[in-house]
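Every chain is numbered from 1, with letters handed out A, B, ... down the list of sequences. The figures that follow rest on heavy atoms only: side chains count, while hydrogens, waters and symmetry mates do not.
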Amino acid sequence: KQEVTQIPAALSVPEGENLVLNCSFTDSAIYNLQWFRQDPGKGLTSLLLIQSSQREQTSGRLNASLDKSSGRSTLYIAASQPGDSATYLCAVKGQGGSEKLVFGKGTKLTVNP
Amino acid sequence: GAGVSQTPSNKVTEKGKYVELRCDPISGHTALYWYRQSLGQGPEFLIYFQGTGAADDSGLPNDRFFAVRPEGSVSTLKIQRTERGDSAVYLCASSFGGRGEQFFGPGTRLTVL
């Protein structure tokens with residue numbers, strides 16, 4: 001059974017700092033991995049999707065990497081801003097025919113002005 | 001274009017009552033997913049539709065939960081004899097095909113008193 005873990009559970013940084021959020025998964029047979037952002041009381045916004053054959057994806061100040069063999073992904077946020085404050089969720093989709101996403105519990109990020 | 005929409009945004013009901021939650025996916029998306037998110041947790045998969053049929057309902061917790069998608073577009077999640085433990089945010093997502101990137105709606109917050 002796939003399990004996804006995100007460390008740390010919460011992170012507080014000053015504005016302008018670069019930061020890394022971590023995601024690990026137990027079964028390396030994944031089809032893709034998605035990073036989401038969730039603001040309080042809101043749904044999920046897709047940030048980046050990495051296919052299993054890819055090593056990284058970039059969008060603006062965000063860069064996500066994937067090391068499938070070691071079961072790890074990182075989300076790098078450059079020059080953080082208070083507007084980046086949210087919960088960041090990592091989710092994986094398996095290769096085995098089920099199309100469901102398996103989520104971690106998320107990392108709650110606070111960027112202080 | 002319009003994203004995934006869900007109604008109602010909030011639903012308060014009494015224990016034992018029946019509720020229906022509606023999801024309107026992105027136009028043209030053939031795959032539709034329901035997830036449930038409890039406080040402080042990541043979303044957990046409930047059911048996945050490809051077209052009109054439920055391709056994977058392995059996440060439904062028990063037979064009080066049922067979902068339909070009769071015309072391959074709008075879906076309704078139905079919960080019978082609600083229990084306090086059913087209180088959560090119910091999220092709907094859609095994708096273009098089962099392997100595509102999933103886009104989420106804002107969720108329905110269900111509270112069972």
Joint hydrophobic cluster, A/Leu21 plus A/Val92, side-chain heavy atoms closer than 4.5 Å: yes
Contact class of A/Lys100 relative to chain B, heavy atoms under 4.5 angstrom: both
Closest heavy-atom pair and its distance - A/Glu99, B/Gln102: O-NE2, 3.1 Å
B/Leu21 with B/Val112, same ILVMFWY side-chain cluster at under 4.5 Å: yes
For chain A, the option from B/Gly59, B/Ala31, B/Ser58, B/Pro106 that forms the most heavy-atom pairs under 4.5 Å: B/Pro106
Contacting region of A/Leu89 [heavy-atom separation from chain B under 4.5 Å]: side chain
Straight-line distance of B/Ser95 OG to A/Lys93 NZ, nearest 0.5 Å: 5.5 Å
A/Leu101 side chain near B/Tyr35 side chain, heavy-atom distance below 4.5 Å: yes
Co-membership, hydrophobic cluster, residues A/Ile77 and A/Leu66, 4.5 Å side-chain: yes
Single-linkage hydrophobic cluster, 4.5 Å side-chain cutoff, A/Val102 and A/Tyr31 together: no
Flag if over 12 foreign heavy atoms under 6.0 Å of NZ, A/Lys68: yes
Flag if over 12 foreign heavy atoms under 6.0 Å of CG, B/Leu39: no
Proximal component of A/Gln38, with respect to chain B [non-hydrogen, under 4.5 Å]: side chain
Distance, nearest 0.5 Å, that separates CD of B/Gln41 from CZ of A/Phe103: 13.0 Å
same_hphob_cluster(A/Leu109, A/Leu62) at 4.5 Å side-chain heavy-atom cutoff: yes
Exercise: do A/Ser46 and B/Glu101 side chains pair donor with acceptor under 3.5 Å: yes
Contact class of B/Glu44 relative to chain A, heavy atoms under 4.5 angstrom: neither
Ring centre gap for A/Phe36 and B/Phe104 strictly below 6.0 Å: yes
For the student: nearest non-hydrogen atoms of B/Pro43 and A/Leu44, plus distance: CG-CD2, 4.2 Å
